[in-house]
Amino acid sequence: MLRRAGKGEVADGFYQIRSDCTHKVPETKFKIKVGKTLSVRKWHAAFTREGRLDIASVLNRIQKGGVHPTIRGEVWEFLLGCFDPGSTFDEREQIREKRRIQYAIWKQECKDMDSHVGSGKIITAPIITEDGKPIKDPLVLLEATSDQHTMQGSSSSSRNENEVDKSENCVVDKQIIEWKLLLHQIGLDVLRTDRSMVFYENKENLSKLWDILAVYAWIDKEIGYCQGMSDLCSPMIVLLNDEADAFWCFERLMRRLMMWALEYDPDIFSTYEHIDAATGVTPGHRQKVKSIRQFGKYERDNMKNGATSDNDGPVPISVFLVASVLKENSAKLLQEARGIDDVIRILNDVNGNLDAKKACAVALKLHRKYLKKIQGKKP
């Protein structure tokens with residue numbers, strides 16, 4: 001069944017909902033509006049013959065009318081800074097291929113530490129203790145190593161037994177122990193993520209989500225994994241066909257956690273990595289900006305008011321977003337909060353019922369007030 005918006009107009013109906021979940025899924029507020037939503041035609045017209053993107057020509061539509069579902073994946077690759085708008089088709093393919101190779105290396109590294117990675121399986125029970133000893137509870141081993149495809153027969157069972165034998169050695173590396181302790185929690189969250197979607201009835205898609213989160217938890221040991229990250233990663237799996245491409249989009253999202261097109265900076269790609277020689281751009285190089293229309297609304301306000309000239313850089317919009325949430329809930333916090341536990345409870349309730357559009361609007365208002373205040377302090 002397709003999800004519909006407004007008067008029967010198909011919007012996010014591009015993503016099928018399970019027939020037994022239609023009553024649980026709220027009707028989407030997004031509508032494809034001609035002349036406002038970034039269309040496929042408008043998006044393709046923004047590229048030169050060589051593949052360079054005129055981001056200024058589409059950013060306004062992205063901010064005001066959203067993106068047509070069929071091109072969301074490739075649009076987000078630019079908004080998240082995966083690619084430089086000034087790169088060509090060929091340059092992006094070279095970058096994409098290098099990233100796929102790097103992801104494969106990291107994934108193999110994880111598979112060497114735990115054979116469930118890349119096996120099509122999802123761990124949903126602990127497989128190791130905090131002191132590095134493998135858990136040998138029969139129920140846990142059955143959960144951790146059961147094959148999804150039971151028709152594969154005895155050869156598959158034999159392979160699973162070998163995998164269990166390999167994992168029976170006590171682990172002494174603390175980083176590996178910490179990583180393995182996360183794997184079952186990732187699995188539990190994956191099984192709860194977007195289960196109303198037909199897309200995740202395919203077990204292969206579930207295992208891709210688990211693999212990406214498992215690999216990310218290993219390479220980013222500072223963040224590792226925390227509840228909710230599966231919800232952030234899931235759209236990348238849905239929108240992008242390639243697992244490695246989805247991983248890199250998620251990696252960029254976690255690195256920046258930017259407010260999408262709101263604070264988009266066309267030079268964000270350059271800040272994320274040393275650009276390959278194939279792009280012809282040296283590290284630290286910033287292309288000449290022809291128009292501030294290339295920037296998001298938040299970033300434009302900073303530029304107009306000179307807020308980007310400070311040594312510490314502009315205050316990130318995430319600060320104003322948090323301030324907007326606190327402002328909207330100040331009365332409840334003052335009346336009900338008697339300690340940190342109450343504050344956490346109230347904010348957790350807000351997290352599940354947050355009106356993102358309203359929060360962003362309030363954040364921008366607070367940002368404008370902030371800019372006026374710092375302008376008044378300048379000599």
Side-chain angles (χ1 to χ4, degrees), residues 1-5 8-30 32 67-77 100 103 107 110-111 114-125 127 139-140 142-153 156-157 159-160 163 182-217 225 227-250 253 352:
M1 180 172 289
L2 299 183
R3 185 190 296 182
R4 293 178 177 272
E9 178 186 4
V10 176
D12 281 351
F14 290 86
Y15 315 118
Q16 290 185 311
I17 303 300
R18 288 165 42 192
S19 58
D20 60 331
C21 295
T22 52
H23 65 289
K24 302 177 183 177
V25 180
E27 185 178 88
T28 178
K29 295 181 180 180
F30 174 73
I32 301 173
V67 180
H68 194 280
T70 57
I71 54 173
R72 281 178 179 168
E74 51 191 291
V75 172
W76 285 123
E77 284 187 302
R100 288 174 177 174
Y103 176 70
K107 188 173 179 178
C110 292
K111 186 175 179 65
D114 189 278
S115 58
H116 299 103
V117 176
S119 68
K121 304 163 193 159
I122 298 174
I123 294 176
T124 58
I127 59 171
L139 293 177
V140 173
L142 179 64
E143 182 73 30
T145 62
S146 60
D147 201 307
Q148 292 179 359
H149 307 288
T150 56
M151 297 301 292
Q152 290 181 350
S156 176
S157 300
R159 183 173 64 252
N160 288 337
E163 290 174 353
L182 294 173
L183 297 182
H184 77 283
Q185 185 57 58
I186 295 174
L188 291 172
D189 288 346
V190 163
L191 293 180
R192 291 192 289 257
T193 302
D194 292 334
R195 293 321 306 274
S196 61
M197 298 184 66
V198 172
F199 180 82
Y200 283 118
E201 288 186 333
N202 184 339
K203 297 296 189 283
E204 182 181 349
N205 293 329
L206 281 174
S207 64
K208 282 182 180 180
L209 181 56
W210 185 80
D211 284 343
I212 288 176
L213 292 168
V215 173
Y216 182 82
Y225 178 80
Q227 194 169 18
M229 285 172 62
S230 59
D231 293 314
L232 295 174
C233 185
S234 176
M236 310 305 171
I237 298 286
V238 176
L239 295 175
L240 297 165
N241 294 324
D242 187 84
E243 180 182 326
D245 294 345
F247 169 84
W248 284 105
C249 262
F250 175 67
L253 172 61

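Remember, predicted model here, so these are calculated numbers, not experimental data.
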Return a table of donor-acceptor pairs under 3.5 angstrom between the side chains of residues 228-241 and protein atoms on other chains or two or more places apart.
unit_1, atom_1, unit_2, atom_2, d
S230, OG, T193, OG1, 2.9
S234, OG, D194, OD2, 2.6
S234, OG, Y200, OH, 2.8

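To the nearest 0.5 Å, the span separating CG on L209 from CG on D189 amounts to 9.5 Å. Going from atom CG of N205 over to atom CD of E243 covers 10.0 Å, rounded to the nearest 0.5 Å. Here the OG1-CG distance, from T124 to L191, works out to 6.5 Å after rounding to the nearest 0.5 Å. How far NE2 of H116 is from SG of C110: 14.0 Å, rounded to the nearest 0.5 Å. Going from atom CD1 of I32 over to atom NE2 of H68 covers 4.0 Å, rounded to the nearest 0.5 Å.
When side chains are defined from C-beta on, L182 does not count as touching Q185, because their heavy atoms never get closer than 4.5 Å. Side-chain contact between E74 and V67 is absent, with no heavy-atom pair separated by less than 4.5 Å. At least one side-chain heavy atom of C249 sits under 4.5 Å from a side-chain heavy atom of E77. The closest side-chain heavy-atom distance from E201 to R18 is below 4.5 Å. Taking the side chain as every heavy atom from C-beta outward, V198 and I17 never approach each other to under 4.5 Å.
Side-chain contact, Y103 with D245: no donor N or O sits under 3.5 Å from an acceptor N or O.
Within the structure, every pair that satisfies the salt bridge (Lys or Arg N to Asp or Glu O under 4.0 Å) test and touches residues 207-216, not counting sequence neighbours, is listed here: K107-D211.
The backbone N or O of L183 lies less than 3.5 Å from a partner atom in the side chain of W210, making a donor-acceptor pair.
Taking the six-membered ring where tryptophan is involved, the planes of F250 and Y216 are perpendicular, since the angle between them exceeds 60° and thus also 30°.
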